[in-house]
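Each ligand, and each atom within it, is numbered from 1 in the order the structure gives. Count residues from 1 along the sequence.
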Amino acid sequence: MKSMIDACHRFFDLPEEEKKEFQTKNLLDPIRCGTSANVAIEKVRLWRDFLKVIAHPEFNSLYKPAGYSEVSLEFSKRTREVATEILKGISESLGLEADYIAKAMNWDRGLQILAANYYPACPQPDKAIGIPPHTDHGLVTLLIQNEMGGLEVKHKDQWVLVNAAPGAFIVNIGDQMQILTNDKYKSIWHRAVVNNKATRISIAVPHGPSLDTPALPIPELLEREGQAPKYIGMTYEKFMELQASPAAYVKPCLDHLRI
Ligand SMILES: O=C(O)CCC(=O)C(=O)O
Ligand SMILES: [Fe+2]
């Protein structure tokens, strides 16, 4: 984990000139870096640089800084193993076969993104935000950070700072899981605040279905609980596009799919 954070830190430390070639605009470009989440539509003052690299189903990497490629390959593999175990646990907790969700979501072709966030110390932390409130789009996100905290989750209408143990993964449920489980597992609202003391780096690793898979409430669960489905289906790719569009500012993405 530490080597991965160090490698990302070295990337963000590269001169702006050297990062330019990775500043692309398209959501699903294999490698993408930039400032803020969506410069065109953000209204609040954001204090963040990001680097997003798609690591699965195809592994992509950067040729600089030195070492990034090797470290990120190892990190993405191991993180995916943990995510696979979490999916099994969630399937079993729902009374389903351990590989139910993986099979239904075409996990073998599932999307995994290494999303590094860089928040330099901010002179006026109360006037800026690292990442505004959102839920993650995928099934589960595994997140690590350097020694600086800043992730807050919404709990009973209050923002609560997550005090993660050093070296621990923080696991957040994403929107696709909420759809699959017809609201039994809820995606978590979270945001990142900034501080005026030191640079914070976090690496969020969202894991999702394959891009062409639409998540739908699991029929066996609906039948057992006697529930009607609460969501219509949408491919993961379309869902991600929706999340990146101005429509997501009008109402939360899940509400666009709610029946
Ligand atoms: O920096 C953090 O702790 C949050 C990052 C995050 O929510 C994201 O990248 O989706
Ligand atoms: Fe997030």
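Of the protein's non-hydrogen atoms, N117 ND2, 3.1 Å is the one closest to atom 9 (O) of ligand 1. When hydrogens are left out, the protein atom nearest atom 3 (O) of ligand 1 is R200 NH2, 2.8 Å; that is the closest non-hydrogen contact. Nearest protein neighbour of atom 6 (C) of ligand 1, counting heavy atoms only, is I131 CD1, 3.6 Å.
A donor-acceptor contact shorter than 3.5 Å links the side chain of S91 to the backbone of I101.
At most 12 heavy atoms of other shown residues, nucleotides or ligands fall within 6.0 angstrom of atom CD in E97. Dense packing is recorded around NZ of K64, with more than 12 heavy atoms of other residues, nucleotides or ligands lying under 6.0 Å away.
When each atom of ligand 1 is checked for a heavy atom of A204 under 4.0 Å away, the hits are 8 (C), 9 (O). Of all the atoms in ligand 1, the ones that sit under 4.0 Å from a non-hydrogen atom of A192 are 1 (O), 2 (C). Within ligand 1, the atoms closer than 4.0 Å to a non-hydrogen atom of Y119 are 1 (O), 2 (C), 4 (C), 5 (C), numbered from 1 in the order shown.
Scanning all heavy atoms of the two residues, the minimum distance from S61 to I31 falls at O-CD1, 3.2 Å.
If you look at F239 and H256, their ring centroids are not closer than 6.0 Å.
Draw a line from the Fe ion (ligand 2) to NE2 of H190 and another to NE2 of H134, and the angle between them is 90° (to 10°).
One finds no salt bridge joining E81 and R78 here, because no Lys/Arg side-chain nitrogen approaches an Asp/Glu carboxylate oxygen to under 4.0 Å.
At least one heavy atom of H190 sits under 4.0 Å from some atom of ligand 1. Residue-ligand proximity: R191 is placed with every non-hydrogen atom at 4.0 Å or more from ligand 1.
Counting heavy atoms closer than 4.0 Å to ligand 1, residue L143 contributes side-chain atoms (C-beta onward) but none from N, CA, C or O. When heavy-atom distances to ligand 1 are checked against a 4.0 Å cut-off, H134 comes that close only through its side chain, counted from C-beta outward.
Within D136, the N, O or S atom lying nearest to the Fe ion (ligand 2) carries the name OD1.
Using cut-offs of 30° and 60° on the angle between ring planes, the pair F22 and F11 is tilted.
Side-chain N/O atoms of R258 and Y231 include a donor and acceptor closer than 3.5 Å. Between N26 and T24, the side chains place no donor N or O within less than 3.5 Å of an acceptor N or O (distance only, hydrogens not considered).
At least one N or O atom of S202, backbone or side chain, sits closer than 3.5 Å to an N or O atom of ligand 1.
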